[in-house]
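First comes the structure, then the notes that go with it.
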Amino acid sequence: MTDLFSKFDPLIQQRADLLATGVTDPFSLVMEKVLSPTVAICNGRETILLGTYNYMGMTFDEDVIAAGKDALDKFGSGTTGSRVLNGTYQGHREVEEALKHFYAMDHAMVFSTGYQANLGIISTIAGKGDYVILDIDSHASIYDGCKMGDAEIVAFRHNDIEALEKRLKRLPAEAGKLVVLEGVYSMLGDVAPLKEMIRIAKDNGAMVLVDEAHSMGFIGEHGRGVAEAQGVIDDVDFIIGTFSKSVGTVGGFCVSNHPKFEIMRLVCRPYVFTASLPPSVVATAATSIRKLMHGSNKRAHLWENSKMLHKGLRDLGFTLGTEEPQSAIIAVIMPDLERGAMMWEALLEEGLYVNLARPPATPAGMTLLRCSLCAEHSSDQVGEILARFERAGKRAGIIG
């Protein structure tokens, strides 16, 4: 009998070799108690959270929590069904209305996760004989949506406008084409040149989908993302997003102005065949989204935090993923996995939690520490974060 797990042997060995050095397993951390959007108890120690994607700090918002408790009391703990059958409650309609209002778009469709939103939308609208043209650094859910829909995948070099145009011009003019982009790429925290890319896509007869998971709530005048910030949101056919970042709960969505969009509720398998989100979850999401519409002060403070941390880390001698801060994500590049894990552990011992990211999730085979700032981090906390990075970096031999 062939062991179906044998394909994972190299990864199993790599993990064993890493743990043999004595480093703590960086992928098994447990938060024993969460005190706020920015602080938790980890391994018995009070720890500053710098790796949660809780960009706008909505997880402990009083109105959000109250809405969730009220829905739990009124509607129970779950729906026990899909949206198409018995799983659409009043709260599901309300959160879709909140999304339509937030984005000023005609249609909104909520999924149980952001992963399923990409999986469902891409696989349904781009099928056999169609082409999906995507950035090579696209999220796994985007690639999986392409595979599930059986479309031809055409990848281009990351954020390369000319490469995108060359790929599009080689495709049959009459073929169905979907260009998939991300506003903010989650590993390096860099922003896509959406204005130029969307123009090229439209000039070559392609529809456009933009994943704004890591920019919703924060980037753009109204927090609608990079497409809004670059003035091209009206040229985007589909915007994908998630509730698990700035919104502060769980779930995914797609908004669109396409006049035929509502048929997706009957033909999109990850929507039709998945249990819907619990009433308490959609209630918290709807409340959070409505409050994010008025979050300009939070957005301004988060930008200040991002600029302060980026400059401070560069001044300390760390190598960063971008020359300038472009989002709430700041990637600190590590020499290799072993030293990256050592640095991660040194930071944890200092009372600071970040994400250790490794291939294949990261681009170009790099290892990095991913920092995701929160609008609830105070300036004093960012200063303390820099002090802890300095101590840990010297102890791990990453900086002099």
Side-chain angles (χ1 to χ4, degrees), residues 117-215 219-220 225-241 254 256-258 321-324 326-327 329 331 333 359-366 368:
N118 267 329
L119 191 71
I121 296 296
I122 295 171
S123 66
T124 305
I125 62 177
K128 191 173 181 63
D130 297 326
Y131 293 86
V132 178
I133 306 91
L134 49 75
D135 190 297
I136 198 167
D137 287 350
S138 294
H139 191 267
S141 61
I142 293 172
Y143 276 104
D144 290 352
C146 296
K147 292 178 182 177
M148 182 172 163
D150 204 24
E152 295 289 332
I153 302 174
V154 180
F156 62 90
R157 190 166 51 207
H158 179 55
N159 274 351
D160 191 320
I161 298 168
E162 292 182 3
L164 169 62
E165 187 168 25
K166 287 178 181 177
R167 300 293 190 279
L168 282 166
K169 288 189 179 302
R170 292 174 186 164
L171 301 179
E174 69 281 2
K177 296 180 283 287
L178 177 68
V179 172
V180 179
L181 306 166
E182 296 182 50
V184 172
Y185 286 85
S186 63
M187 285 297 152
L188 298 180
D190 53 333
V191 166
L194 292 184
K195 185 173 184 178
E196 295 84 356
M197 287 183 162
I198 291 172
R199 176 186 59 79
I200 289 169
K202 294 297 182 178
D203 287 348
N204 287 274
M207 300 183 82
V208 178
L209 180 151
V210 178
D211 185 329
E212 296 274 21
H214 293 274
S215 49
I219 295 179
V226 176
E228 180 189 38
Q230 296 185 14
V232 291
I233 193 167
D234 291 337
D235 298 318
V236 178
D237 296 286
F238 310 98
I239 292 178
I240 295 285
C254 179
S256 175
N257 281 327
H258 197 289
T322 58
E323 288 297 314
E324 299 293 336
Q326 297 184 25
S327 67
I329 299 171
I333 310 301
T362 54
M366 65 176 62
L368 56 87

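Positions are given from 1, in the same order as the sequence printed here. Quick caveat, the model's predicted, so the values are computed rather than measured.
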Discussion item. Under the criterion side chain to side chain contact (heavy atoms under 4.5 Å, CB included), I'd like the reasoning laid out for Leu164 against Ile133: C-alpha separation, chi angles, the key distance, then a yes or no.
Written reply: CA-CA 8 Å; Leu164 169 62; Ile133 306 91; 3.6 Å; yes

Fill in: Verdict with supporting geometry, Ile136 and Arg157, side chain to side chain contact (heavy atoms under 4.5 Å, CB included)
CA-CA 6 Å; Ile136 198 167; Arg157 190 166 51 207; 5.5 Å; no

Worksheet entry | Working for side chain to side chain contact (heavy atoms under 4.5 Å, CB included), residues Met207 and Ile125 | CA-CA 10 Å; Met207 300 183 82; Ile125 62 177; 6.0 Å; no

Worksheet item: Checking side chain to side chain contact (heavy atoms under 4.5 Å, CB included) for the pair Val210/Val232: CA distance, chi angles, key distance, verdict?
Response: CA-CA 11 Å; Val210 178; Val232 291; over 6 Å; no

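Here the shortest heavy-atom pairing between Ser215 and Gly225 reads OG-CA, 3.8 Å. Annotation for Ala151 and Ala126: closest pair CB-O, 3.6 Å, computed over non-hydrogen atoms. Minimum interatomic distance between Glu212 and Leu194 (heavy atoms only, all atoms of both residues): OE2-CD1, 4.2 Å. Contact detail for Gly321 and Leu188: the closest heavy-atom pair is CA-CD2, 4.1 Å. In terms of heavy-atom proximity, Ile240 sits nearest to Ala117 at CD1-O, 3.8 Å. Ala201 and Val208 get closest at one heavy-atom pair: CB-CG2, 3.6 Å.
Here the straight-line distance linking atom CD of Glu162 with atom CD1 of Ile200 works out to 8.5 Å at 0.5 Å rounding. Taking CD1 of Ile233 as the start and CD of Glu228 as the end, the distance is 5.5 Å to the nearest 0.5 Å. Of the inter-residue distances, the one linking Gln230 atom CD with Ile219 atom CD1 reads 9.0 Å to the nearest 0.5 angstrom. For the atom pair Thr322 OG1 and Ile329 CD1, the distance stands at 10.0 Å (nearest 0.5 Å). Within the model, atoms CG of Asp137 and CE of Met187 stand 10.0 Å from one another, a figure rounded to the nearest 0.5 Å. Thr124 contributes atom OG1, which lies 8.5 Å from atom CG of Leu119 (distance to the nearest 0.5 angstrom).
Leu168 is not listed as a side-chain neighbour of Val154, based on a closest heavy-atom distance of 4.5 Å or more. Side-chain contact between Glu152 and Leu171: absent, with no pair of heavy atoms (C-beta onward) separated by less than 4.5 Å. Counting heavy atoms from C-beta on, the side chains of Val226 and Val184 come closer than 4.5 Å.
Screening residues 163-183 for side-chain hydrogen bond (donor to acceptor under 3.5 Å, both in side chains) gives no qualifying pairs among residues at least two apart or on separate chains.
When the shell of 6.0 Å around NZ of Lys202 is examined, it contains more than 12 heavy atoms from other residues, nucleotides or ligands.
In terms of modelled atom types and a separation under 3.5 Å, the side chain of Asp135 and the main chain of Asn159 share a donor-acceptor contact. Ser327 places a side-chain N or O within donor-acceptor distance of the main-chain N or O of Gly189, the cut-off being under 3.5 Å.
Between Leu209 and the choices Leu181, Ile122, Asp237, Val132, the side-chain contact (heavy atoms from CB on, under 4.5 Å) rule is met once, by Ile122.
Ring-plane geometry between Tyr185 and His158 is classed as perpendicular, the angle between the planes exceeding 60 degrees on a 0 to 90 degree scale with a lower cut at 30.
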